[in-house]
**Q** 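Right, I'll just put the structure down here and ask away after.
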Amino acid sequence: MNTGIIKSKPVGKPFAFIKVEGQEKEIFFHESEVTDPVGFAGLNEGDAVTFDTKQDPQGRTNATNVKKSA
């Protein structure tokens, strides 16, 4: 399980990006990858989250199983 902070969540879009300390590149996730009961709408920029990663068909690393940290 990885940890990070929601860096950006464009208004009206079904995706966001997670910033991981020590990594330059942000990690993309789609709202369908949120497994926390608060749902995608309950996540805000600056929130700490935990997540797993997977490779998309283009070989990019995306977040899955995204949950708000306690």
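Each residue takes its place number in the sequence, starting with 1. Heavy atoms only: backbone and side chains are in, while hydrogens, waters and symmetry mates are out.
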**Q** Do you know the tightest heavy-atom contact between Ala16 and Ile6?
**A** CB-CG2, 4.5 Å
**Q** Considering all heavy atoms of both residues, which atom of Val34 and which atom of Gly39 are nearest to each other, and what is their separation?
**A** CG1-C, 3.8 Å
**Q** Could you tell me whether Gln58 atom CD has more than 12 heavy atoms of other residues or ligands within 6.0 Å of it?
**A** yes
**Q** Quick one: pull up OG1 in Thr61 and CD in Gln23 and give me the separation to the nearest 0.5 Å.
**A** 8.5 Å
**Q** Verify salt bridge (charged side-chain N to carboxylate O under 4.0 Å, His left out) between Lys68 and Asp36, making sure each step is shown before the conclusion.
**A** CA-CA 7 Å; Lys68 199 172 193 176; Asp36 193 295; over 6 Å; no
**Q** Distance from Asn2 atom CG to Ile27 atom CD1, nearest 0.5 Å?
**A** 6.5 Å
**Q** How many angstroms lie between atom CD1 of Ile5 and atom CD of Glu21, to the nearest 0.5 angstrom?
**A** 9.0 Å
**Q** Is it possible for you to say whether Phe15 and Val38 belong to one hydrophobic cluster, with membership spreading through side-chain heavy-atom contacts below 4.5 Å?
**A** no
**Q** Using modelled atom types only, decide if a donor and an acceptor are shared between the side chain of Asn44 and the backbone of Asp47 within a distance under 3.5 Å.
**A** no
**Q** Measuring only between side-chain heavy atoms, which start at C-beta, is Asn62 closer than 4.5 Å to Thr53?
**A** no
**Q** Quick one: CZ on Phe17 to NZ on Lys25, what's the gap to the nearest 0.5 Å?
**A** 10.5 Å
**Q** Does Phe29 have its ring centroid less than 6.0 Å away from the ring centroid of Phe51?
**A** no
**Q** Can you name the nearest heavy-atom pair linking Glu26 to Ser8, along with the distance?
**A** OE1-OG, 4.1 Å
**Q** Which residue in the set Thr64, Asp52, Asn65 passes side-chain hydrogen bond (donor to acceptor under 3.5 Å, both in side chains) when paired with Thr35?
**A** Asn65
**Q** Could you tell me whether the side chain of Lys9 and the main chain of Phe40 form a donor-acceptor pair under 3.5 Å?
**A** yes
**Q** Sub-3.5 Å donor-acceptor pair from the side chain of Glu33 to the main-chain atoms of Val66, do we have one?
**A** no
